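To start, the structure itself, in structure tokens.
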Amino acid sequence: MAESAACPAFQLGRSRYDQGSFLGRLRHCIDIIDPSTLFVSEKQLKECVQLLDDYKHGRLLPGVSDLQLWEAQKIKQAMIHPDTGEKIFMPFRMSGYVPFGTPIVIGLLLPNQTVVSTIIWQWLNQSHNACVNYANRNATKPTPTSKFLQGYVGAVSSAVSIAVGLNVLIQKANKLSPATRMIIQRLVPFPAVASANICNVGLMRHNELSEGIDVLDDSGNVVGSSKIAAKHAIMETAFTRVVLPMPIFVLPPIIMSYLERMRFLQCNRRLLLPIHSLVCLVTFGLSLPLAISLFPQMSQIEVACLEPEIAMATDCKVVTYNKGL
């Protein structure tokens, strides 16, 4: 009885956790970014895919538990793109976002950045983000490569220009004490990355504003294509992209500014980088699921708020749309 309460009955394509609550979305996101799926072998993946295929076609062998089915779906969703059916390159999976992104975060937050190092780390960060976005994109509709490149160039340009501009202003601020200047310099990556993320979302998904996105009724049928729903989806995604880097780029500099004053670390300077790396890793690992959980993947909106033609096409008061990554 305890197992059935902890593990609900398996539903193919659904989440194991309640997506109507923040806690349920948080637990779902923790599943999505679980780095243990990076170590799943090709053989294990094929077994999971076969198990889910057997369930779908009613060929499931006796004794297979709901927990096994949920785990199989978790592994498949972590490794295989839902639209293309192709395996996602490991560094660009959501489960690889923290392990492969943490070294870049550490580089962005290193003290005493030069203009060249600032440009390099901002470029690496936006390149990684762009590849993750593309690898996990909605591939139901073809997206021109030019749109991807436009978003990439726009994100890199905005991140580099803002970061370099702020660093130059800080260096010219003679009234600031060296300690204050150091803290402010360490906080520079946040506005640069946040603004670049907004730019990236806006440019990469600009076509949704002109073409609209599909909205679904209670039965999962497409009611129509809504530009208003697209606006909501992009705004929710952009807000998430601002919240995500906030603790990652704000907390470590503050924490490290206090830790560096400790006599133990002043006598053991070689430990600064490992401790700095650990702080970044923990902050990144906690921030990612919290930010993604702010809004459900499949969001809802009242029909009365949408275009008149959509309101006339359905009797539902609320429709659903895919917010996107």
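Residue numbers start at 1 and run along the sequence shown. Remember, predicted model here, so these are calculated numbers, not experimental data.
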Measure the spacing between [atom1] of [X] and [atom2] of [Y] and express it to the nearest 0.5 Å.
X: I75; Y: L51; atom1: CD1; atom2: CG; result: 10.0 Å
X: I255; Y: I275; atom1: CD1; atom2: CD1; result: 12.0 Å
X: C29; Y: I32; atom1: SG; atom2: CD1; result: 5.0 Å
X: T283; Y: L251; atom1: OG1; atom2: CG; result: 5.5 Å
X: F190; Y: S195; atom1: CZ; atom2: OG; result: 9.5 Å
X: K74; Y: L69; atom1: NZ; atom2: CG; result: 14.5 Å

query: When you look at Y134 and N129, which way does the side chain to side chain donor-acceptor pair (under 3.5 Å) test go after all the steps?
result: CA-CA 9 Å; Y134 184 78; N129 287 343; over 6 Å; no
- prompt: Run the side chain to side chain donor-acceptor pair (under 3.5 Å) check on T37 and S95 step by step: do they pass?
  reply: CA-CA 7 Å; T37 58; S95 55; 3.3 Å; yes
May I ask you to check whether over 12 heavy atoms, not counting those of [X], lie within 6.0 Å of atom [atom1]?
X: E47; atom1: CD; answer: yes
X: N221; atom1: CG; answer: yes
X: M246; atom1: CE; answer: yes
X: R270; atom1: CZ; answer: no

task: Determine whether the aromatic ring centres of Y97 and H128 lie less than 6.0 Å apart.
output: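 For Y97 and H128, the ring centres are under 6.0 Å apart.
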Is any side-chain heavy atom of [Y] closer than 4.5 Å to one of [X]?
X: K231; Y: M235; value: yes
X: I106; Y: L273; value: yes
X: E260; Y: L265; value: no

Sole candidate of E236, H232, K323, Q19 that passes side chain to side chain donor-acceptor pair (under 3.5 Å) when paired with S299: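 So the option named by the test is E236.
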Report yes or no: does [X] contribute a side-chain atom to a donor-acceptor pair with the main-chain N or O of [Y] at less than 3.5 Å?
X: D214; Y: S225; result: no
X: S157; Y: G154; result: no
X: Q68; Y: S65; result: yes
X: E307; Y: I228; result: yes
X: D34; Y: S36; result: yes
X: T102; Y: P99; result: no
X: E302; Y: K317; result: no
X: R93; Y: I88; result: yes
X: W70; Y: Q11; result: no
X: D53; Y: V49; result: no

message: Taking the cut-offs as 6.0 angstrom to the six-membered ring centre and 45 degrees off its axis, would you call R261 and Y258 a cation-pi pair?
response: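 Relative to the ring axis of Y258, which defines the angle, R261 lies inside both limits.
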message: Does this structure show an ion pair linking D31 with R16, if we count only N-O contacts that are shorter than 4.0 Å?
response: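 Salt bridge flag = no for R16 with D31.
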query: Is there a donor-acceptor contact under 3.5 Å linking the side chains of S127 and Y152?
result: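 Side chains of S127 and Y152: pair found under 3.5 Å.
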- prompt: Among all residues two or more places apart in sequence or in another chain, which pass the salt bridge (Lys or Arg N to Asp or Glu O under 4.0 Å) test with K87?
  reply: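 Expected list: E42.
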- prompt: How would you list, by chain and number, every residue that makes a side-chain contact (heavy atoms from CB on, under 4.5 Å) with P91, sequence neighbours excluded?
  reply: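 So P91 forms a side-chain contact (heavy atoms from CB on, under 4.5 Å) with F89, F100.
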query: Same cluster for I310 and I301 if Ile/Leu/Val/Met/Phe/Trp/Tyr side chains link at under 4.5 Å?
result: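 Linked, I310 and I301 end up in one cluster.
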query: Checking side chain to side chain donor-acceptor pair (under 3.5 Å) for the pair T240/T237: CA distance, chi angles, key distance, verdict?
result: CA-CA 5 Å; T240 301; T237 305; over 6 Å; no
